[in-house]
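Just so you know, these numbers come straight off a predicted model, no measurement behind them. Numbers for residues simply follow the sequence, beginning at 1.
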Amino acid sequence: MVRPPVRVELTRTGAMIGCLGMDSTSYDYVIVGAGSAGCVLANRLSADGRHAVLLLEAGPADRSIWIHLPIGYGKTMFHRRYNWRFSTEPDPGVNGRRVYWPRGRGLGGSSSINGLIFIRGQPQDYERWKQAGNAGWGWDDVLPYFIRSEDNCRGASDLHGAGGPLAASDIGEQHPLVDAFIAGAADLGIARNDDFNGRDQEGAGYYQLTTRNGLRCSAAGAYLRPARKRTNLTVETGAHATRIVCQGRQAVGVRYLRGGVEREARARGEVIVAAGALQSPQLLQLSGIGPAALLQSHGIAVVHALPGVGGNLQDHLQARVMFRCTRSITTNDDLRHWHRRMAIGMRWLLFRRGPLAVGINQGGAFARVMPDSKSPDVQFHFGTLSADLAGAKPHDFPGFTMSVCQLRPTSRGSVTIESRDAFAAPAMKPNYLSTELDCATAVEGVKLARRIAATPSMRAYVAEEIRPGPQTDSDQALLEFVRNHGATIFHPAGTCAMGADDNAVVDTRLRVRGMTGLRVADASIMPTLVSGNTNWPVIMIAEKASDMILEDARDN
């Protein structure tokens, strides 16, 4: 039954049974998290005006100029207001280091602070999901949702969309270093590829970016901003969800803290958790849904024992191979000299072009390094700058970076609460490099980066290898380099995995197994990590989820 778009069904008198003294409102759908998925869901579920939708976001509005400037990635990487600034637990696979895990905090989530790379992965990724028992998630099933979301500057085709919310733009100006990298890859037989989202992902080329007219096109800009004028959509920022309210195994609302006041939003239809691969499992666990022993150890009453919540954590671990450049043509140089900073600022103001409009990584490659791989197993992000850490202050000399990551890691980790405090970060244990395949692929990826740098097309630009350095000359030494310096490429996934086995958390319609009125829709539902950057795949997941939610509402 379709309900009228009434925003407030229960008055703010605290008159609900069990909620005396607590602000309480009622909606058809309550969405937790205004990241890439949450913004899509808020738009699609409120589009016809028939459903009252509440979108809760713990962080602030996306008002900073550094969010909207593509190069602002470097400013938001450690920003206390717009970034959760997580770190993993000490990880044996990286020699006991804690790895910094930035995650977006605020409208748009990580789509407001990411590197803007427009990639959807390989068709084989989604076929693997389908073959694992997830009917409806094969390549032919998900492609229409990618196309629906897309506004590609190159126009529509059988593989691309035009007119959708999410902009995909070409990099307006080519860079000699990126051109040399692409040519160097070709010297090794890795052909040029001008569309990594075309029929074949393999090759080297320029990335398309989620930008429009020289500005970031985050999920908040693409999906949420056009929807906010709707009277049936309510968006609350600074609203930190503390638990899902359940009656038995039915989710009926969300409790959250906003402005120091504890509030409760009731869901007449569904609660949809879209808080990301780290905080979605955390919220489920805090709400009594997860591994029973874990919940009991923190004194949380078990609503539903679901052992897979927080398991199956996967991430792309990158090795950043850095070089000193022979010419002062790098972004390091642009940012180091005041007159060049002025020049790039004027180019952006006048033409919406130049370094301010393209962010950090302009080019890349997808290649095979392991003998049994039938499709690319590593990805390169080529940046025309160098720094000790992604997003950190660039070096004071000309430098560039080839970051390489394994696309389909076999290592698995976990996300678990450490207390009942919803404001405390969960324990994140990626278990990087815990399998032989992951170790071997990491080493071979670094070796390929070195081979590209040594090609005739690139060597004229290479003054020296800074890291790992020429003294690192054996496979064991290279593996040790990755263990000592490897870092996330910001793609955690899989912690509320879709599937049919005992460890699956959601079914193929993204409903939490064993619960009613509760779904999860974000990167956490990925059974296995996609072969590339995760932002666009998450948007696809939310597009598909919104259709399923509305279909189920009609059927009921």
*Asks:* Distance-only, no hydrogens or angles: does the D125 side chain make a donor-acceptor pair with backbone N or O of S531 under 3.5 Å?
*Replies:*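 Side chain of D125 to backbone of S531: a pair is present.
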*Asks:* Answer yes or no for R103 and W84: cation-pi contact, defined as NZ/CZ to six-membered ring centre under 6.0 Å and angle to ring axis within 45°.
*Replies:*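 Verdict for W84: no cation-pi partner in R103.
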*Asks:* At what distance, to the nearest 0.5 angstrom, does CD1 of I182 lie from CD of Q362?
*Replies:*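 Between atom CD1 of I182 and atom CD of Q362 there are 10.0 Å.
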*Asks:* So do the side chains of M402 and I452 get within less than 4.5 Å of each other, counting heavy atoms only?
*Replies:*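 In short, these two side chains touch, coming nearer than 4.5 Å.
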*Asks:* Say whether, by atom type as modelled, one donor and one acceptor occur between the side chain of S218 and the main chain of A220 under 3.5 angstrom.
*Replies:*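 Indeed, once roles are kept as given, a pair shorter than 3.5 Å links the two residues.
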*Asks:* Distance only, no hydrogens: is a donor on one side chain within 3.5 Å (strictly under) of an acceptor on the other, for T410 and D438?
*Replies:*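 Side chains of T410 and D438: pair found under 3.5 Å.
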*Asks:* Do the side chains of Q406 and H316 get nearer than 4.5 Å, heavy atoms only?
*Replies:*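 H316 vs Q406: side chains apart.
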*Asks:* If we only count heavy atoms from C-beta on, is the R408 to L529 side-chain gap below 4.5 Å?
*Replies:*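 Sidechains of L529 and R408: no contact.
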*Asks:* I'd like to know if D473 pairs up with R450 as an ion pair, taking the criterion as any Lys NZ or Arg NE/NH1/NH2 lying under 4.0 Å from an Asp or Glu carboxylate oxygen.
*Replies:*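 The answer is no: the pair does not qualify as a salt bridge.
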*Asks:* Would you call D547-K544 a salt bridge at under 4.0 Å N-O?
*Replies:*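 Answer for the salt bridge query: no.
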*Asks:* Is there a side-chain contact between L510 and I541 (heavy atoms, below 4.5 Å)?
*Replies:*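 Heavy-atom side-chain distance check passes, below 4.5 Å.
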*Asks:* State, to 0.1 Å, how close D62 and L107 come at their nearest heavy-atom pair, and which atoms those are.
*Replies:*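 The answer is CB-O, 3.6 Å.
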*Asks:* So does A167 get a backbone contact from the side chain of N152, meaning a donor-acceptor N/O pair under 3.5 Å?
*Replies:*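 Flag not set: sc N152 to bb A167 has no pair under 3.5 Å.
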*Asks:* What class does the angle between the rings of W129 and Y126 fall in, given that below 30° is parallel, 30 to 60° is tilted and above 60° is perpendicular?
*Replies:*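 Perpendicular: the ring planes of W129 and Y126 meet at over 60°.
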*Asks:* State which residues pass side chain to side chain contact (heavy atoms under 4.5 Å, CB included) with N43; sequence neighbours excluded, sorted by chain then number.
*Replies:*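 Partners of N43 by the side chain to side chain contact (heavy atoms under 4.5 Å, CB included) criterion, ordered by chain and then number, come out as Y223, A227, R230.
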*Asks:* Measure up the Y207 and F366 rings against each other and bin them: parallel (under 30°), tilted (30 to 60°), perpendicular (over 60°).
*Replies:*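 Plane angle over 60°, so perpendicular.
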*Asks:* Given side chains that start at C-beta, do those of T401 and V321 come closer than 4.5 Å, heavy atoms only?
*Replies:*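 Sidechains of V321 and T401: no contact.
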*Asks:* Show the numbers, then the answer: is there a side-chain contact (heavy atoms from CB on, under 4.5 Å) between I489 and H381?
*Replies:* CA-CA 10 Å; I489 197 68; H381 292 78; 4.0 Å; yes
*Asks:* Say whether R412 and N312, considering side chains only, have a donor N or O and an acceptor N or O under 3.5 Å apart.
*Replies:*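 Yes - a donor-acceptor pair under 3.5 Å links their side chains.
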*Asks:* For D334, is there an ion pair with R336 - N to carboxylate O distance below 4.0 angstrom?
*Replies:*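 Salt bridge between R336 and D334, a charged N being under 4.0 Å from a carboxylate O: no.
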*Asks:* For K75, give me all partners under side chain to side chain donor-acceptor pair (under 3.5 Å), at least two apart in sequence or on another chain.
*Replies:*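 K75: no side chain to side chain donor-acceptor pair (under 3.5 Å) contacts found.
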*Asks:* Would you say the side chain of C405 lies within less than 4.5 Å of the side chain of V378, judging by non-hydrogen atoms?
*Replies:*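 V378 does not reach C405 side chain to side chain.
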*Asks:* Does R368 reach the side chain of I190, with side-chain heavy atoms less than 4.5 Å apart?
*Replies:*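 Result no, sub-4.5 Å side-chain heavy-atom pair not found.
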*Asks:* One thing to verify: whether R154 and D170 come together as a salt bridge, which I'm taking to mean a side-chain N less than 4.0 angstrom from a carboxylate O.
*Replies:*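 Yes, this pair counts.
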*Asks:* Do the side chains of D333 and R327 get close enough for a salt bridge, i.e. N-O under 4.0 angstrom?
*Replies:*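 Answer for the salt bridge query: no.
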*Asks:* Walk me through whether I360 and L385 qualify under side-chain contact (heavy atoms from CB on, under 4.5 Å).
*Replies:* CA-CA 8 Å; I360 304 298; L385 83 170; 3.3 Å; yes
*Asks:* What class does the angle between the rings of W536 and F118 fall in, given that below 30° is parallel, 30 to 60° is tilted and above 60° is perpendicular?
*Replies:*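 The arrangement is parallel - the two ring planes meet at less than 30°.
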*Asks:* Check whether R97 reaches the backbone of R483 with its side chain - one donor and one acceptor, N or O, closer than 3.5 Å.
*Replies:*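 Side chain of R97 to backbone of R483: a pair is present.
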*Asks:* I need the single residue from Y461, Y206, F181, F323 that forms a ring pair (Phe, Tyr, Trp, His ring centres under 6.0 Å) with F382. Which is it?
*Replies:*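 For F382, the ring pair (Phe, Tyr, Trp, His ring centres under 6.0 Å) test succeeds with only one of Y461, Y206, F181, F323, which is F181.
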*Asks:* Measure from the side-chain N and O atoms of E465 to the backbone N and O of R324, and report whether any donor-acceptor pair falls under 3.5 Å.
*Replies:*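 Flag not set: sc E465 to bb R324 has no pair under 3.5 Å.
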*Asks:* Side-chain donor-acceptor pair under 3.5 Å between T210 and R216, yes or no?
*Replies:*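 No, R216 and T210 have no side-chain donor paired with an acceptor closer than 3.5 Å.
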*Asks:* So does D187 pair up with R459, basic N to acidic O under 4.0 Å?
*Replies:*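 Salt bridge absent between D187 and R459.
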*Asks:* Does K393 come within less than 4.0 Å of D388, counting only side-chain N to carboxylate O?
*Replies:*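 A salt bridge is absent here (no side-chain N lies under 4.0 Å from a carboxylate O).
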*Asks:* Of all heavy-atom pairs between L41 and I272, which one has the smallest distance, and what is that distance?
*Replies:*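 Closest heavy-atom pair between L41 and I272: CD1-CG2, 3.8 Å.
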*Asks:* Decide yes or no on side-chain contact (heavy atoms from CB on, under 4.5 Å) for L278 and T495, but give the supporting numbers first.
*Replies:* CA-CA 7 Å; L278 306 180; T495 50; 5.7 Å; no
*Asks:* Does A219 offer a backbone N or O that forms a donor-acceptor pair with the side chain of S111 under 3.5 Å?
*Replies:*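 Such a contact is found between S111 side chain and A219 backbone.
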*Asks:* Could you please spell out the steps behind the side-chain contact (heavy atoms from CB on, under 4.5 Å) verdict for V530 and Q314?
*Replies:* CA-CA 10 Å; V530 295; Q314 302 157 57; over 6 Å; no
*Asks:* S375 and Q122: side-chain donor and acceptor closer than 3.5 Å?
*Replies:*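 S375 vs Q122: donor-acceptor pair found between side chains.
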*Asks:* Any idea how F78 and Y100 line up, ring-wise: parallel (<30°), tilted (30 to 60°), or perpendicular (>60°)?
*Replies:*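 If you compare the ring of F78 with that of Y100, the planes turn out parallel.
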*Asks:* Is M77 close to I113 at the side-chain level, that is, under 4.5 Å between some pair of heavy atoms?
*Replies:*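 No - every pair of side-chain heavy atoms lies 4.5 Å or more apart.
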*Asks:* Between S149 and E543, do the side chains contain a donor N or O and an acceptor N or O under 3.5 Å apart?
*Replies:*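 Short answer, no.
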